[in-house]
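These notes concern the structure reproduced below.
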Protein chains: 2
Amino acid sequence: MTKKQENIINAALQLFAQEGYTATSTNKVAKLAGVSEGLIFRHFTNKEGLLKAIIEEGERKVLTLFETIFKETEPKKIIQKTITLPFLIPNEELEFWKLQFKLKWELNHNNSNKLKPLQEKLIHSFKTLNYQNPELEAAYVLTFLEGLSTAIIKGTLTNRTEFQDFLIYKYQL
Amino acid sequence: MTKKQENIINAALQLFAQEGYTATSTNKVAKLAGVSEGLIFRHFTNKEGLLKAIIEEGERKVLTLFETIFKETEPKKIIQKTITLPFLIPNEELEFWKLQFKLKWELNHNNSNKLKPLQEKLIHSFKTLNYQNPELEAAYVLTFLEGLSTAIIKGTLTNRTEFQDFLIYKYQL
DNA sequence: TTCTATAGTGAGTAATCACTTACAAATTTA
DNA sequence: TAAATTTGTAAGTGATTACTCACTATAGAA
């Protein structure tokens with residue numbers, strides 16, 4: 001990966017996250033990256049290819065975030081760590097996650113399968129803890145996770161640390 | 001409001017919700033509505049005006065949905081009704097709500113103020129029920145509400161009625 | 001050094017974009 | 001009925017879109 005190739009991806013990530021995918025022209029991306037527009041198509045074939053490169057490069061971040069949970073075996077901790085997951089997003093990755101959530105609505109690609117392993121881990125946890133409806137409890141946690149992620153990524157959560165403490169207290173089960 | 005004017009709004013609502021606002025051209029809207037493209041600008045000045053008309057026309061739907069909660073006085077019921085609110089969205093309004101959530105990401109207009117009265121009603125409810133942290137409890141409910149709305153509007157919630165019963169059971173406090 | 005492959009450019013391309021204008025048809029008002 | 005206003009259309013407008021093409025610069029291998 002050359003320096004200019006990286007510039008293109010970073011510029012595209014920034015613009016796609018700020019303005020949206022369709023609203024961002026390849027011309028704008030090239031200008032922000034400091035390269036000729038043609039270079040984008042040399043490296044990424046077309047605009048969609050550029051988007052794919054960004055998403056694929058970021059897939060690792062999803063796995064990195066989930067890793068902490070997957071190596072955990074204690075049921076209670078699994079649930080706790082899931083619920084506070086969005087707080088672990090580092091500031092420099094916020095833009096990437098904003099793009100991910102934007103794309104979930106802009107394009108119609110539902111990555112519900114991406115949460116599948118987490119869902120099963122949760123179901124198993126609730127089963128171990130003898131909950132009556134493990135599947136529904138897992139669905140509940142994931143639904144809340146969606147809302148919490150949205151709040152954090154959009155920055156609408158005013159009292160971050162307070163809310164995090166509140167959640168930890170609430171989910172010590 | 002003439003018949004053609006209605007056709008334009010309906011076509012725009014459908015396309016904006018499906019493809020997104022920026023990705024939908026006024027040409028496409030006109031074709032689906034069965035009118036000349038110029039008529040859109042005669043009635044709505046510009047593309048943004050068309051979007052405004054759709055949103056303004058739908059603002060009433062928000063109030064109608066919230067009405068059930070605002071006339072409720074019993075704290076427990078207020079919380080219960082809030083949590084099951086997204087289930088009350090009629091099928092024919094799903095497209096409108098999809099557009100609302102899409103726009104929340106596509107444009108950067110945060111309508112957090114729209115939830116303000118609901119938030120205050122919730123805080124007051126938790127206060128009356130002597131909860132330790134009424135503000136955080138309200139924030140928790142609203143965060144979950146965001147996730148649940150997303151799931152219902154995107155249609156990713158598989159077991160609707162089951163999940164609804166589960167929530168009612170969980171939130172009988 | 002020369003050959004080859006890749007990186008990079010800048011000026012194009014047709015198509016599409018939101019929007020305008022000149023004009024006609026329909027409807028309302030006087 | 002005649003005048004005035006509103007509704008509607010078709011054919012444009014310049015700007016912008018994603019993308020192409022002919023070309024040059026660079027760097028590593030033979």
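Protein chains get the first letters and strands the later ones, always in sequence-line order, with residue 1 at the start of each.
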| What one-letter contact string describes nucleotides 6-20 of chain D from 5' to 3', where B marks a base within less than 4.0 Å of any protein heavy atom, S marks contact via sugar-phosphate atoms alone, and - marks no contact? | -BBB-------SBBB
| field | A:Glu37 and A:Lys31 ion-paired at < 4.0 Å | value | no
| task | Check whether NZ of the Lys or CZ of the Arg B:Lys98 lies under 6.0 Å from the centre of the six-membered ring of A:Trp105 and within 45 degrees of that ring's axis. | result | no
| request: Hey, could you give me each pair passing salt bridge (Lys or Arg N to Asp or Glu O under 4.0 Å) that has a residue in residues 65-78 of chain A? Not counting sequence neighbours. | output: A:Glu72-A:Lys81
| field | B:Lys61 NZ/CZ over B:Phe96 ring centroid, <6.0 Å and within 45° of normal | value | yes
| task | Specify the separation, in whole Å, of atom NZ of A:Lys31 and atom C1' of C:dG8. | result | 18 Å
| field | Length of the line joining A:Ile40:CD1 and C:dG10:C1', which is rounded to integer Å | value | 14 Å
| query | C:dA18 P sits how many Å from B:Leu15 CG, rounded? | reply | 12 Å
| query | Once you round it to whole Å, what is the distance between C1' of C:dA7 and CD of A:Glu6? | reply | 15 Å
| field | Interatomic distance, B:Phe44 CZ vs C:dT20 C1' [rounded to whole Å] | value | 18 Å
| query | In terms of side-chain geometry, is the basic nitrogen of A:Glu146 or A:Lys104 positioned less than 4.0 Å from the acidic oxygen of its partner? | reply | yes
| message | Between A:Lys52 and A:Glu57, does any side-chain N to carboxylate O distance fall below 4.0 Å? | response | no
